[in-house]
Amino acid sequence: MINETPRVRFAPSPTGYLHVGGLRTALYNYLFAKHNNGDFVLRIEDTDRNRYVEGALENLLDTLEWVGLTPDEGPRQGGNYGPYIQSERLDIYKKYTDELVEKGKAYHCFCSPERLTELKESQRAAKLPQMKYDKKCLDLSKEEVAEKLANNESHVIRLNVEPGSKVIIKDIIRGHVEFDRNTIDDQVLIKSDGYPTYHMANVVDDHLMNITHVIRGEEWLSSTPKHILLYDYLGWEIPEFAHLPLLLNADRSKLSKRQGDVAVEDYREKGYLKDSLVNFVALLGWSAGDDKEFYYLDELTKAFDLNRVQKSGAVFNVDKLNWLNGEHIKNMSNEKLLPYLKLELDKSEFNSGDFDDEYLLKVVEAMKSRLTFYSDFIERSSYFFKAPESFDEDIVKKRWKKYSAEYLEKFIKAIETLENPGHDEFQDTLKKTAEELGVGNGQLIHPARLAVSGIGVGPGVFDLLAILGKEEVIKRIKTAIEKIK
RNA sequence: GGCGCAUUCGUCUAGUGGUCCAGGACACCGCCCUCUCAAGGCGGAGAUCACGGGUUCAAAUCCCGUAUGCGCUACCA
């Protein structure tokens, strides 16, 4: 446990959907906060009007809600957004940039984008070690600035990085990181449209919202010195930083849409459980130090430790996610699984109302250890919901022998005498029939499975028969005998 | 180009100077179980700990260099 009660924030931009990398950042923030009885706040960084996407915010809230990372504070579903949207806080940022300008720590810049591009080009051409703004507008007198402002000249406000000692970052994950002051550019704080850049809004909000720990992706490490300078110039306390390793594609580049799904909602639609997604993503860059890999959110909360977060990026490996998904399904009770089977039925050609719970529960029990996704209920065992319309040709070739029909006919004769047979009765009857025929059990088992399910894989054949029930079994075997020649 | 970060089996990782000729998990292979497929159990293969120098009686672990990868270098976040 850390000394103070932490307040952390997850601060995404509403650019369309929640990225799995964003999910990991949100999760680590949440886990850190909850492990230490702190607060997890959600703030929306929508200061880039060009990238704003309609509906993205609601989508984000919805996805966060789905995975169970409900913020303690932040915009709420349904429009009560509160003071957590940066675009609604413009005057606040203005106030503090004015203060910086007053102190000489920031200045108005009237350079056109064209001049900036030219500057960059010439610096590049001259092979200068680094490309930075040349502070031209810093030379403007107060009067000149006032005049240009009065004329409504387009301008930005820049951070005035002055020479001085190295800027030191104390990062929980990376330790000490140093930056030479002269490598830091005079960052734009307020854009010409009056909106703040990330850097300004971020520092102001983190301070005003009493954020104690800034936990964010590694891509922010390079701009952290600018933030430190801002805290310093404003006379504010600097929060703790923790820069998280990136999530990677298989080729170790930053996780991108081109190489697979990156939106949490994509995984949701594909049928991944929130539990396995959270479990998986938590393990990408963190481990408790023991061999435990199966976690629920509350267990993660208990075990999580920011100091144990990995420094290097982690490849998003779907194989392991799939495995975890199966594990989480296996760990659910039949009763808990039942509604999901019904959902899958209703999404398919079937109707959950056509089957009673007792029957479906048996299906769940039989299929549980064979699933990777809920949808496998339908894809791998539709025979529980309708008689097979065809029979797998390879299996027919392999299992349906010359005398199979004859054997099965004897088998159903024997079944017909039974009353409400279950697993054991089917088993005894089949064995007895095989014995009378003088053949191995397999001579009946395999054709029976094929006849009843149409395929060659699935739960134990006696379970299969017991679940389907006597009448259905007899009917299906008769049909199969007709159809398979 | 500059600045910064990183580097242990294919992948996720354990490991914080001796117990490591490196442990676990996924994937892969084999065996057992078995009516099939899974699940489960057992086992195998797979890492000269990026490379090169140091420090030390002793280094995956500490230091320096090199290489490679990645991030940033926007009036995007």
Side-chain angles (χ1 to χ4, degrees), chain A residues 11-13 15 45-48 50-51 109 111 113 116-117 120 123-124 127-132 154-158 169 171 173-174 177-180 182-185 187-199 201-202 216-225 243 245-246 248 250-254 280 283-294 310-324 326-327 330 367-372 376 380 395 398-399 427 430 440-450 453 455-462 464:
Chain A
S13 296
T15 51
E45 313 234 326
D46 61 341
T47 56
D48 185 355
N50 300 319
R51 293 216 300 173
C109 172
C111 290
L116 262 19
T117 323
K120 206 140 275 178
Q123 285 174 338
R124 199 195 312 275
K127 291 205 190 281
L128 252 45
Q130 47 194 307
M131 292 166 284
K132 294 196 302 178
S154 176
H155 67 280
V156 300
I157 297 177
R158 284 180 185 277
I169 301 170
D171 190 280
I173 295 166
R174 281 150 220 285
V177 184
E178 297 185 347
F179 288 85
D180 237 312
N182 58 30
T183 64
I184 305 171
D185 201 0
Q187 183 60 236
V188 169
L189 264 20
I190 300 286
K191 299 178 258 188
S192 57
D193 63 4
Y195 280 70
T197 55
Y198 169 86
H199 310 282
N202 193 261
R216 68 215 326 183
E218 190 192 342
E219 68 268 28
W220 294 109
L221 189 56
S222 311
S223 39
T224 305
H243 287 94
L246 262 19
L248 273 22
D251 66 359
R252 306 207 72 87
S253 57
K254 192 171 162 180
F280 174 64
L283 261 19
L284 251 27
W286 172 84
S287 82
D290 53 25
D291 290 339
K292 186 173 163 71
E293 297 206 275
F294 183 90
Q310 205 76 11
K311 290 183 175 75
S312 52
V315 173
F316 192 94
N317 176 216
V318 182
D319 276 343
K320 192 144 189 177
L321 210 208
N322 290 343
W323 170 73
L324 268 174
E327 289 297 298
K330 258 172 255 158
M367 290 304 295
K368 208 161 139 176
S369 68
R370 277 163 255 263
L371 306 177
T372 301
D376 290 337
R380 291 153 99 139
I395 303 299
K398 194 173 162 198
R399 303 291 195 187
Q427 186 170 39
L430 185 139
N441 296 337
Q443 293 299 310
L444 280 169
I445 286 173
H446 297 297
R449 166 189 302 288
L450 178 64
S453 74
I455 57 178
V457 301
V461 91
F462 304 118
L464 205 50

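Order of the sequence lines fixes the chain letters, A, B, ..., with proteins taken first and strands second; residue numbering starts at 1 for each chain. Basis for what follows: all heavy atoms, side chains included, without hydrogens, waters or symmetry-related copies.
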May I ask you to test the E45(A)-N202(A) pair for a side-chain heavy-atom distance under 4.5 Å? yes
Going by atom types only, do S312(A) and R252(A) share a side-chain donor-acceptor pair under 3.5 Å? no
How would nucleotides 60-74 of chain B be written as a contact map, 5' to 3', with B for base contact, S for sugar-phosphate-only contact and - for no contact, using protein heavy atoms under 4.0 Å? ----------SBS-S
Under 6.0 Å from the NZ atom of K398(A), do we count more than 12 heavy atoms belonging to anything else shown? no
E327(A) CD to rA27(B) P, in whole Å, measures 9 Å
Looking only at rC76(B), rU36(B), rU11(B), the nucleotide nearest the R399(A) side chain is rU36(B)
Do R216(A) and H243(A) have side-chain heavy atoms sitting under 4.5 Å apart? yes
Once you round it to whole Å, what is the distance between P of rG23(B) and CD of E293(A)? 16 Å
Let me know, please, whether A250(A) or K330(A) comes out on the 5' side of the other along RNA chain B by nearest nucleotide. A250(A)
Earlier contact from the 5' end, RNA chain B, for D290(A) and E178(A): E178(A)
Polar atom pairs (N or O), protein with nucleotides 29-31 of chain B, under 3.5 Å:
none

Answer with base, sugar-phosphate or nothing: what part of the nucleic acid does P113(A) contact at a heavy-atom distance below 4.0 Å? base
Assign G285(A) to base, sugar-phosphate, or nothing according to its heavy-atom contacts below 4.0 angstrom with the strands shown. sugar-phosphate
Atom CD1 of I184(A) to atom P of rG2(B): distance rounded to whole Å? 18 Å
Whether T47(A) contacts rA77(B) is assessed here as follows: a side-chain N or O lying under 4.0 Å from the phosphate OP1 or OP2. Is that the case? yes
Phosphate-side-chain proximity, K191(A) and rA77(B), N/O vs OP1/OP2 below 4.0 Å: yes
What's the closest nucleotide to the S312(A) side chain, out of rC35(B), rC3(B), rU7(B)? rU7(B)
Indicate, yes or no, whether a donor-acceptor pair under 3.5 Å links the base of rC75(B) to the side chain of S192(A). yes
Distance-only donor-acceptor test (3.5 Å): side chain S287(A), base rA14(B): no
In whole angstrom, what separates M367(A)'s CE from rU36(B)'s C1'? 12 Å
State whether the distance check finds a donor on one side and an acceptor on the other, under 3.5 Å, for side chain R174(A) versus base rC5(B). no
Look at the side chain of K320(A) and the base of rA25(B), then say whether one donor and one acceptor between them are separated by less than 3.5 Å. yes
Using the ring of each side chain (for Trp, its six-membered ring), is H199(A) parallel, tilted or perpendicular to W220(A), with breaks at 30° and 60°? perpendicular
